[in-house]
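For reference, the structure discussed in these notes is given below.
Chain letters run A, B, ... following the sequence lines, proteins first and then strands; every chain starts at 1.
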Amino acid sequence: MERAILYTRVSTDEQAEKGYSLADQKDKLLRYCNDHNIEVAAIFVEDHSAKTFNRPEFSKLLDYIKNHKGQVQQLLFHKWDRFSRNATDSFIMIRQLEKLNIRLCAIEQPLDLRIPENKMILAIYLTSPEIENDRRSMNVTNGMRRAMKQGRWVCTAPRGYSNKRDEFNKPIIVPNIDARFIQKAFTELAKGIMPIDQIRRELNKDGFVCSRTNFFRLIKNPVYCGKIQLKANHDEEPILVDAIHEPLISEELFYEVQNVLSGRSAKNNQPKVHKGNSSFPLRGFLECPRCGKKLTGSASKGNGGKYPYYHCLNGCAERIKVEEVHKGVGELLKSYSFKPEIRELFRNVVMDSINESKVDRNTRISNVNTEIEKTRKRLDSLQNKYIDNEIDKEDFYQLKAKYTSTINDLTSKKEEARIITNDISVQLNFCMGILENLSGFYENADLAGKQRILGSIFTGNLIFSEKKVRTTKVNEVVSLLVNVSKDSEKKKTGQSKKKIELSRWVISEGLEPSTLRTGI
Amino acid sequence: MITSKECLKNLTKNGASYNEQESEKILDFLKNFADIALKEYYRNNGKSDFIH
């Protein structure tokens with residue numbers, strides 16, 4: 001007489017309603033054993049999902065089989081979806097049980113697995129529940145996302161809120177007794193005085209127990225200012241939607257806190273960035289004439305003053321006065337004059353850029369208008385709240401001053417943008433200066449401008465020697481666009497034309513892409 | 001007004017037009033120069049980044 005283990009499983013109340021109840025499954029299995037003269041070795045009753053085999057009762061079942069090797073021949077269950085809802089894992093488990101000499105049998109979907117063709121039917125039995133699960137899961141996820149998009153928070157309520165139902169019996173979150181702690185947390189954080197963790201500990205003492213990790217997560221959650229952040233999915237970008245629940249804090253306060261947080265984290269994790277120094281625009285461009293390493297710049301103290309130098313960090317005592325190198329670079333740039341035929345082309349390019357930025361500017365003006373309108377509405381709402389005694393005098397004046405200042409800033413930005421659209425010819429003439437007087441333009445540019453000009457023209461390093469600056473490599477495009485004046489240099493130095501040309505630049509073969517060096 | 005690309009076609013190197021790759025590089029270079037110049041213009045005139 002064969003012995004069998006009976007396995008019954010249910011995961012939801014819904015299944016019980018559909019006739020999958022544990023008692024019903026057990027009855028059918030016992031009747032089957034009786035009819036087929038099978039002795040029941042053990043019964044395992046599971047109340048767990050079948051997405052994986054990591055289930056408490058199933059684990060016990062496997063242990064039982066291993067401990068009673070040779071004493072059990074069959075594993076009986078009602079249908080294949082009681083066994084598993086994961087086709088891949090199922091095949092592995094079936095193989096594992098076969099090795100233990102256990103035959104599997106779904107009494108309402110019997111299959112003789114010794115017949116190879118039956119594996120196809122088995123695949124259908126095993127895949128169908130998985131498909132059903134995936135479909136259900138997809139529908140739930142989509143439904144939740146749809147609801148969230150409509151501003152309805154459908155997940156577990158965050159701290160400070162409770163899950164409730166509205167008048168249409170739809171889920172909504174409403175502030176609970178913890179809401180005041182959330183408000184306090186944001187208000188204190190916005191002040192930027194106390195460290196974040198100290199604020200958390202203070203709240204813990206008042207009865208709002210929250211772990212460090214959860215607290216950090218909480219203060220970054222826009223749900224508290226009436227927004228819902230939706231993560232990106234396969235066909236949608238992440239979005240922030242207006243929620244229908246009551247916000248605990250204002251949007252301004254939320255973003256103020258985010259600014260404080262980003263400021264703090266920036267300070268804490270601040271990488272050691274070598275900030276550009278406008279006194280040394282050639283840092284990163286100059287090469288040591290002795291060892292070939294890059295030169296840096298700094299000021300030496302002496303004789304009651306500071307004297308700026310470019311110097312080598314490689315140990316060789318190379319030290320060059322800043323003004324001498326800068327003069328040399330100015331002279332080098334002076335020797336470059338753009339071909340006259342390029343000017344017309346450049347004029348067109350500048351006009352294109354001006355027009356492009358004009359379009360961009362109009363979009364920004366429109367965005368600023370929206371922002372102004374939004375702030376005005378907030379101001380109106382604030383005044384109403386003050387009239388209705390919903391906020392105190394101090395808060396009212398503080399927020400009023402803030403909103404008014406925002407509106408003024410935005411309005412002046414808008415006006416500035418409007419003025420600039422009217423002086424295109426002035427802009428154009430100014431821009432032409434970079435071609436007509438490159439060295440003068442370079443001289444007046446700020447640090448970033450200077451470095452961009454140098455980076456555009458020189459693809460190799462600059463070397464200062466014998467009171468002159470030369471370069472190892474010039475952007476090939478520059479050689480197509482400029483004439484290099486050599487006569488003046490020839491007069492000054494007495495060097496041959498060829499020698500000057502070589503010392504000025506060494507043009508590489510082929511057309512090199514324009515390499516811009518930013519930062520040092 | 002003619003466009004930058006049309007203007008570029010009129011440019012020649014030893015009598016021959018620039019090839020496509022060269023033309024592209026020239027335009028990129030000049031666009032970069034235009035950007036530098038415009039940024040300088042806004043900086044000199046005290047305009048904010050918003051304007052540019």
[Y] and [X], any side-chain heavy atoms less than 4.5 Å apart:
{"X": "Phe430(A)", "Y": "Asn44(B)", "result": "yes"}
{"X": "Asn32(B)", "Y": "Arg452(A)", "result": "yes"}
{"X": "Ile26(B)", "Y": "Leu345(A)", "result": "yes"}
{"X": "Val477(A)", "Y": "Asp28(B)", "result": "no"}
{"X": "Phe33(B)", "Y": "Val349(A)", "result": "no"}

Checklist outcome for this item: If you tally heavy-atom pairs under 4.5 Å between each of Ile434(A), Leu428(A), Leu435(A), Ile342(A) and chain B, the highest tally belongs to Ile434(A)
Checklist outcome for this item: Residue from Phe338(A), Phe346(A), Phe441(A) scoring the most non-hydrogen pairs under 4.5 Å with chain B is Phe346(A)
Checklist entry - Does anything in residues 431-442 of chain A pair up under salt bridge (Lys or Arg N to Asp or Glu O under 4.0 Å), and if so which pairs, sequence neighbours excluded? => result none
Next on the checklist: If you apply the rule side chain to side chain contact (heavy atoms under 4.5 Å, CB included), what do you find for Asp35(B) with Ser353(A), and how did you get there?
Outcome noted: CA-CA 7 Å; Asp35(B) 191 55; Ser353(A) 292; 5.9 Å; no
Checklist entry - Is Lys327(A) atom NZ crowded by more than 12 heavy atoms from other residues, nucleotides or ligands, each under 6.0 Å away? => result no
Next on the checklist: Please check if the number of heavy atoms outside Lys334(A) that lie under 6.0 Å from its NZ is greater than 12.
Outcome noted: no
Next on the checklist: If I take atom CZ from residue Arg43(B) and atom CG from residue Asp446(A), how far apart are they, to the nearest 0.5 angstrom?
Outcome noted: 4.0 Å
